[in-house]
Amino acid sequence: MALLPSSSCSSSSRFKEGKYDVFLSFRGEDTRKKFTDHLYTALKQRGISTFKDDEKLKRGTSIAPELLKAIEESRFAVIILSRDYASSKWCLIELTKIIECMEKTRLVVLPIFHYVDPSDVRNHKGTFAEAFDKHEKSFEENMRNIETWKAALTKVANLAGWDLKDKYESKVIQEIVGRICTELYHKFSSVCEDLVGMDSCVKQMLGSYLNEGLGGVRFVGICGMGGMGKTTLAQEIYRRISEDFEGSSFIVNVREETKNKGLVSLQEQLLSEILMESEIKIWNVYEGINVIRNTLHNKKVFIVLDDVDGEQQLRALAGKHDWFGVGSRIIVTSRDSHFLQTNGVDDVYKIKGLNDDEALKLFSWSAFKKPHPKENYVDLSKDFVNYAKGLPLALKVVGSSLYAKERNEWISALEKLKEESNGTILDILQISFDGLTNSEKGLFLDIACFFKGKKKDRISDILKSFGYYPDYSIGVLEGKSLITIESGIFRMHDLLQQMGQEIVRRESPREPGGRSRLWIYKDVIRVLKNNIETDAVEGIILKLPIQKMEHLHVEA
């Protein structure tokens with residue numbers, strides 16, 4: 001099973017790919033620090049990408065083009081119609097753009113009547129009438145704008161939304177977030193031709209492993225080799241059922257993040273996501289264990305711990321069943337079934353590779369952007385699929401590397417694979433690397449050796465100093481499924497990182513000083529101690545162990 005990248009979604013006008021899930025339109029003085037902030041926090045906690053202008057832009061004397069572009073790049077617009085909303089010409093310009101996009105691109109618009117009467121908005125009465133009186137005096141020469149603004153207000157007031165009068169704000173926020181989550185999921189699942197081989201696995205997990213009728217608290221493992229789709233399956237289940245719980249948390253790359261950030265940071269993340277509080281401070285792992293256990297023992301929660309490989313990680317984040325309330329479900333993904341079985345997991349779902357039909361379909365979505373090969377590419381496609389052996393990662397990466405290539409280029413890539421491959425997954429994945437330009441190859445290797453898990457914005461200047469054009473080249477690597485950018489951070493599948501590092505190691509198998517990149521501590525120390533660095537070395541990263549003393553060669 002596999003989840004295709006967003007580029008595989010239909011280009012139908014009913015579902016426009018957006019940079020943001022939600023655009024918030026609001027009058028800052030009215031709601032910025034209260035309702036809007038609470039709604040924004042709730043959306044972020046559910047992983048919904050949300051544009052809020054005071055975080056992204058500072059307005060000058062005229063509305064920023066970037067703000068209007070953000071509206072165009074959003075899937076939903078939530079308009080918080082407060083008492084003085086119409087007094088701001090910026091809000092009215094935003095609103096006009098939102099209505100324009102709603103009518104042209106099917107942007108979903110959700111109005112919230114923030115302690116104002118919807119009829120006052122619709123008919124321009126009360127504070128809305130007062131606001132337009134002032135605008136008319138200020139804009140005598142351009143009454144057309146004012147009429148456009150009035151028409152936009154009338155249209156938005158006629159849409160179904162939420163009236164906060166006599167309502168609990170927290171409940172309304174839950175309803176709004178739930179509505180957006182539901183629509184995002186349904187649009188995604190009905191329009192993206194993506195979840196190849198996934199649906200039956202999800203149904204089996206929900207029916208036999210996570211079923212609420214099983215009662216109690218259940219820990220379920222998802223096991224399989226790297227690149228098989230464990231994380232994708234967990235993500236899909238999370239998307240479908242997380243809102244059925246009192247709180248939920250999805251922690252990705254536990255193994256890697258434990259090394260990079262430490263377990264305390266992951267404990268803080270888990271509590272922050274479940275409790276929907278941004279300021280949670282834990283001082284050590286043992287305190288974190290107590291806080292999680294004492295805070296969540298009566299809560300029905302859904303937690304996903306992705307890529308766990310150590311008992312200490314599990315003990316710190318979800319140590320025992322009695323840490324959580326009745327009905328809670330905890331999913332743990334791992335490559336090691338023995339680890340799962342010996343650490344209190346109730347059941348283990350072993351993920352399998354795709355069958356031939358599913359594999360060809362997934363490959364075709366990556367290579368042709370449709371569910372089947374072009375007529376004169378069928379046999380070639382089946383040959384590549386046969387080499388991938390049902391592994392979703394390989395099918396996606398190889399298919400993406402062949403997208404828009406001529407038939408003779410396909411034949412050449414297949415011949416090279418037959419001649420040089422030992423049948424390992426790394427050999428298959430290298431097809432995508434071989435199709436890059438030299439600059440793109442260098443960037444890929446730098447990310448694999450140095451920058452995986454680093455923030456893109458923080459290293460952009462470093463990449464430019466290397467002579468890269470990062471914005472363009474990073475887009476190329478993303479398009480070929482070699483990297484992803486998640487929350488501004490470089491991500492790369494372990495197998496792809498392993499491939500990149502193996503390519504560097506092969507440059508000089510026996511002597512690290514002859515390699516272009518050095519990142520392993522013992523290799524760096526060996527080169528610097530003995531001053532055996534050559535002109536081949538282009539970059540070194542040295543992560544020093546705590547309280548470690550080394551004597552380096554003075555010339556090094």
Evaluate the side-chain contact (heavy atoms from CB on, under 4.5 Å) criterion for residues Glu257 and Leu266: first the C-alpha distance (whole Å), next the side-chain angles of each, then the deciding distance (0.1 Å), finally the verdict. CA-CA 8 Å; Glu257 293 302 319; Leu266 298 186; 3.8 Å; yes
With a 3.5 Å distance limit and no angle check, can you tell me whether [X] reaches the backbone of [Y] through a side-chain donor-acceptor pair?
X      : Y      : result
Ser242 : Arg239 : no
Ser265 : Gly262 : no
Ser74  : Ala77  : no
Gln313 : Val254 : no
Glu406 : Asn408 : no
Asn386 : Lys382 : no
Trp410 : Tyr377 : no
Thr50  : Ile48  : yes
His372 : Ser364 : no

[X] side chain near [Y] side chain, heavy-atom distance below 4.5 Å:
X      : Y      : answer
Asp307 : Ser334 : no
Val202 : Leu233 : yes
Thr437 : Val476 : no
Glu72  : Cys101 : yes
Leu518 : Leu542 : no
Ser272 : Gln269 : no
Ile330 : Val304 : no
Val308 : Leu340 : no

Are [X] and [Y] close enough that their ring centers fall under 6.0 Å?
X      : Y      : answer
Phe490 : Phe451 : no
Phe450 : Trp519 : no
Tyr403 : Phe368 : no
Phe444 : Phe433 : yes

Full working for side-chain contact (heavy atoms from CB on, under 4.5 Å) between Met225 and Arg335: CA-CA 5 Å; Met225 69 172 286; Arg335 299 181 187 183; over 6 Å; no
Strictly by modelled atom types, are Glu409 and Ser412 linked by a side-chain donor-acceptor pair under 3.5 Å?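 The answer is no; no qualifying pair exists.
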For residues Thr231 and Asp306, is any side-chain donor paired with an opposing acceptor at under 3.5 Å?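 Yes.
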Around atom [atom1] of [X], are there more than 12 heavy atoms of other residues, nucleotides or ligands at under 6.0 Å?
X      : atom1 : answer
Lys405 : NZ    : yes
Glu507 : CD    : yes
Gln312 : CD    : no
Asp309 : CG    : yes
Lys69  : NZ    : no
Tyr469 : OH    : no

What pair of heavy atoms forms the shortest contact from [X] to [Y], and how long is it?
X      : Y      : answer
Ala388 : Leu395 : CB-CD2, 3.6 Å
Ile431 : Val398 : CD1-CG1, 4.4 Å
Ile237 : Leu206 : CG2-CD2, 4.0 Å
Ala234 : Ile331 : CB-CG2, 4.5 Å
Leu429 : Ala394 : CD2-CA, 3.7 Å
Lys396 : Leu362 : CG-CD1, 3.9 Å

Tell me the side-chain hydrogen bond (donor to acceptor under 3.5 Å, both in side chains) pairs involving residues 442-463, sequence neighbours left out?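 Matches after skipping sequence neighbours: Glu256-Lys452, Asp446-Tyr468, Asp446-Arg517, Lys452-Asp494, Lys452-Gln497.
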Are Phe302 and Tyr238 close enough, and set up right, to give a ring pair (Phe, Tyr, Trp, His ring centres under 6.0 Å), and what steps lead you there? CA-CA 8 Å; Phe302 182 43; Tyr238 188 84; 5.7 Å; yes
Please step through side-chain contact (heavy atoms from CB on, under 4.5 Å) for the pair Gln267 and Val285, ending with a clear verdict. CA-CA 8 Å; Gln267 290 175 324; Val285 171; 3.8 Å; yes
Does the distance from a Lys or Arg side-chain N to an Asp or Glu carboxylate O, for [X] and [Y], drop under 4.0 Å?
X      : Y      : result
Asp199 : Arg240 : yes
Asp523 : Arg515 : yes
Glu94  : Lys97  : no
Glu358 : Lys361 : no

At what distance, to the nearest 0.5 angstrom, does [atom1] of [X] lie from [atom2] of [Y]?
X      : Y      : atom1 : atom2 : result
Asp336 : Cys223 : CG    : SG    : 7.0 Å
Leu482 : Leu496 : CG    : CG    : 6.0 Å
Ile71  : Leu68  : CD1   : CG    : 5.5 Å
Ile351 : Leu354 : CD1   : CG    : 9.0 Å
Met228 : Thr333 : CE    : OG1   : 13.5 Å
Leu67  : Ile93  : CG    : CD1   : 10.0 Å

Taking the inter-plane angle between the rings of Phe363 and Phe384 on a 0 to 90° scale, is it parallel (under 30°), tilted (30 to 60°) or perpendicular (over 60°)?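 Correct class here is parallel.
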From CA spacing to verdict: side-chain contact (heavy atoms from CB on, under 4.5 Å), Asn260, Asn253: CA-CA 10 Å; Asn260 294 338; Asn253 303 321; over 6 Å; no
